[in-house]
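Okay, structure first, notes after.
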Amino acid sequence: MIENEKKVAIVTGGSRGIGKAIALALGERGWRVIVNYNRNRDAAEETLNTLQEAGGVGAIVQADVANEDDRMCLVESTLEAYGRIDLLVNNAGMAPRQRRDLLEMTAESYDEVMAVNLKGPFFLTQLVVRKMIALVQAGKISAPKIVNVNSISAYTSSTARGEYCISKAGMGMMTALYADRLAEYGIGVYEVRPGIIATDMTSAVKGKYDLLFAQGLTPIARWGVPEDVAKAVLAIAEDYLPYSTGEIINVDGGFHLRRL
Ligand code: NAP
């Protein structure tokens, strides 16, 4: 039994933005955290330093979630380092490199965004949950969890980045499918749906959203911050939703409400 050991989380895209806030929040609560990144090693090291300075334990692992070999390395290196996986946070994601109208969207952009935002998380989850099931059955972990960082784009049309919206709508079904399939093993599957959060991803469209917030886009009239999302993930990770699975937590300032 290694139940007394500290729990282990993999946070994909844990080096910057929302993933960084999630990694730091988990580290502060005593989780051992694998901070995954793809290209920006400096950012990953900076996140790990911050985590360690706060007394946390973790490591950085480079892996492109869109790449099958990389996904396997990510899982294997986590198990080599810590021997268990209690939580996978599918956070890594990308916007299209260029915003293009739906009628001008290219197949290359569609394939790239779908590979990073949907196919990658789907097959990474498949790899991780096979390991989780074995660990549960061996009595080494209990109630492991998957958290998908989705988006209001799962149900909101943005015609200048349709491939992103399609990938996030697909992630909604991915959450439902895994929740259904994995409940028998005590594996909970959840989704957080951030609204508009201040990160590198949204920095290029800051002016547009500043204006929309001022015009009343959301009942809570401010930008979201990565820590807003991290708190929701922490609530799931720390077992505050034990009789829920497939659940969607909107972290969007009320954006999802229909209003008159
Ligand atoms: P961000 O600031 O652009 O950071 C993206 C993170 O993902 C970085 O750590 C990046 O690592 C990593 N990443 C990107 N492609 C990757 C790949 N192929 N393999 C592994 N890691 C990869 O993004 P963010 O705003 O924090 O968004 C995080 C998640 O929240 C995404 O899934 C996004 O769709 C979702 N979301 C964001 C917002 C928002 O308003 N910001 C709203 C709703 C949902 P490198 O730097 O090493 O490439």
Side-chain angles (χ1 to χ4, degrees), residues 10-25 33-48 50 60-75 88-97 111-125 147-156 158 161 163-172 174-175 191-206 208-210 212-213 217-218 222-230 232-233 248-253 255-256:
I10 299 174
V11 183
T12 68
S15 53
R16 291 190 288 119
I18 292 171
K20 176 178 181 174
I22 294 169
L24 295 180
V33 186
I34 296 292
V35 177
N36 158 250
Y37 70 102
N38 184 25
R39 293 204 174 94
N40 191 338
R41 187 179 177 93
D42 289 350
E45 281 176 349
E46 196 184 310
T47 298
L48 182 65
T50 308
I60 60 170
V61 177
Q62 190 282 328
D64 176 355
V65 296
N67 180 290
E68 188 175 0
D69 291 340
D70 284 12
R71 290 192 294 267
M72 283 200 285
C73 285
L74 176 58
V75 175
L88 168 65
V89 183
N90 282 309
N91 165 78
M94 67 178 292
R97 288 178 193 277
D111 286 345
E112 183 182 31
V113 171
M114 293 294 278
V116 173
N117 291 3
L118 184 57
K119 185 177 176 186
F122 180 86
F123 285 103
L124 178 62
T125 300
V147 179
N148 296 322
V149 179
N150 201 342
S151 169
I152 55 174
S153 295
Y155 60 87
T156 304
S158 297
R161 51 188 178 114
E163 58 276 66
Y164 183 81
C165 299
I166 295 168
S167 70
K168 293 299 187 179
M171 181 174 251
M174 175 186 147
T175 303
E191 182 170 310
V192 291
R193 284 197 180 166
I196 296 151
I197 312 293
T199 68
D200 293 343
M201 189 182 273
T202 47
S203 59
V205 281
K206 184 173 182 309
K208 171 186 168 178
Y209 288 123
D210 280 345
L212 287 172
F213 281 121
L217 178 70
T218 52
R222 67 162 171 88
W223 281 80
V225 291
E227 291 71 22
D228 292 322
V229 185
V233 175
I248 297 165
I249 303 186
N250 295 290
V251 187
D252 63 356
F255 176 91
H256 66 283

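Counting starts at 1 for both ligands and their atoms, following the listed order. All values below come from the heavy atoms of this structure, side chains included, with hydrogens, waters and symmetry mates left out.
- Counting heavy atoms from C-beta on, the side chains of Val116 and Val65 come closer than 4.5 Å.
- Nearest non-hydrogen protein atom to atom 1 (P) of ligand 1 is Arg16 NH1, 4.0 Å.
- Every atom of ligand 1 is numbered from 1 in the order shown, and the set under 4.0 Å from a heavy atom of Tyr164 is 33 (C), 34 (O), 35 (C), 36 (N), 44 (C).
- In terms of protein heavy-atom proximity, atom 19 (N) of ligand 1 is closest to Val65 N, 3.0 Å.
- The side-chain heavy atoms of Thr199 and Pro226, taken from C-beta on, include a pair separated by under 4.5 Å.
- At a heavy-atom cutoff of 4.0 Å, ligand 1 is contacted by no atom of Asn117, backbone or side chain.
- Of the possible donor and acceptor atoms, one in the side chain of Thr47 sits under 3.5 Å from a partner among the backbone N and O of Ser15.
- Atoms of ligand 1 lying under 4.0 Å from any heavy atom of Asp200, numbered from 1 in the order shown and given with element: 2 (O).
- The side-chain contact (heavy atoms from CB on, under 4.5 Å) test with Pro121 is passed by exactly one of Val149, Asn90, Thr12: Asn90.
- Taking a cut-off of under 4.0 Å to the non-hydrogen atoms of Asp64, the atoms of ligand 1 that pass are 17 (C), 18 (N), 19 (N).
- The shortest N or O to N or O distance between Arg39 and ligand 1 is under 3.5 Å.
- The single protein non-hydrogen atom nearest to atom 16 (C) of ligand 1 is Asn38 CB, 3.8 Å, given as residue, atom name and distance.
- One finds no salt bridge joining Lys20 and Asp200 here, because no Lys/Arg side-chain nitrogen approaches an Asp/Glu carboxylate oxygen to under 4.0 Å.
- Below 4.0 Å from some heavy atom of Thr202 lie the following atoms of ligand 1, by number and element: 39 (C), 40 (O), 41 (N).
- Residues Thr218 and Ile196 are not in side-chain contact: their nearest non-hydrogen atoms beyond the backbone lie 4.5 Å or more apart.
- The closest protein non-hydrogen atom to atom 27 (O) of ligand 1 is Met201 CE, 3.9 Å.
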Checking side chain to side chain contact (heavy atoms under 4.5 Å, CB included) for the pair Thr202/Trp223: CA distance, chi angles, key distance, verdict?
CA-CA 10 Å; Thr202 47; Trp223 281 80; 3.6 Å; yes
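- For ligand 1, the polar-atom distance check finds an N/O of Ser15 within less than 3.5 Å of one of the ligand's N/O atoms.
- At a threshold of 4.5 Å between non-hydrogen side-chain atoms, the residues Glu112 and Met94 count as touching.
- Residue-to-ligand polar distances keep Tyr37 apart from ligand 1: every N/O pair is separated by 3.5 Å or more.
- Ligand 1 places these atoms under 4.0 Å from at least one heavy atom of Ile196: 40 (O).
- Counting heavy atoms from C-beta on, the side chains of Leu124 and Val75 come closer than 4.5 Å.
- With a 4.5 Å cut-off on side-chain heavy atoms, Ile248 and Thr175 do not count as touching.
- Proximity of Met94 to ligand 1, defined as any heavy-atom pair under 4.0 Å, is not found for any part of the residue.
- When the options Ile18, Ile197, Thr12 are ranked by their closest heavy atom to atom 37 (C) of ligand 1, first place goes to Ile18.
- Ligand 1 lies nowhere less than 4.0 angstrom from a heavy atom belonging to Val229.
- When each atom of ligand 1 is checked for a heavy atom of Thr199 under 4.0 Å away, the hits are 2 (O), 24 (P), 25 (O), 26 (O), 41 (N).
- Residues Arg193 and Phe255 have side chains not in contact (no heavy-atom distance under 4.5 Å, counting atoms from C-beta outward).
- Residue-ligand proximity, Asn36 to ligand 1, at heavy-atom distances under 4.0 Å covers atoms 20 (C), 21 (N).
- Residues Ile152 and His256 have side chains not in contact (no heavy-atom distance under 4.5 Å, counting atoms from C-beta outward).
- A 6.0 Å sphere centred on CD of Glu68 holds no more than 12 heavy atoms belonging to other residues, nucleotides or ligands.
- When Gly120, Gly195, Ser151, Ala198 are checked for heavy-atom proximity to atom 38 (C) of ligand 1, Gly195 turns out nearest.
- Nearest protein heavy-atom neighbour of atom 29 (C) of ligand 1: Asn91 O, 3.0 Å.
- Looking only at heavy atoms of the protein, atom 22 (C) of ligand 1 is closest to Ala92 CB, 3.6 Å.
- Under 4.0 Å from ligand 1, not a single heavy atom of Arg41 appears.
- With hydrogens left out, the protein atom closest to atom 15 (N) of ligand 1 is Val116 CG1, 4.0 Å, a heavy atom.
- Given atom 20 (C) of ligand 1, the protein heavy atom at minimum distance is Ala63 O, 3.2 Å.
- By heavy-atom distance, the residue among Gly19, Gly93, Ala66 lying nearest atom 5 (C) of ligand 1 is Gly93.
- Atoms of ligand 1 lying under 4.0 Å from any heavy atom of Gly13, numbered from 1 in the order shown and given with element: 6 (C), 7 (O), 9 (O), 12 (C).
- Counting only distance, with no hydrogens or angles, the side chain of Asn150 and the backbone of Lys168 share a donor-acceptor pair below 3.5 Å.
- Not a single N or O atom of Gly17, backbone or side chain, sits closer than 3.5 Å to an N or O atom of ligand 1.
- The backbone N or O of Pro194 sits nowhere less than 3.5 Å from a side-chain atom of Asp252 that would complete a donor-acceptor pair.
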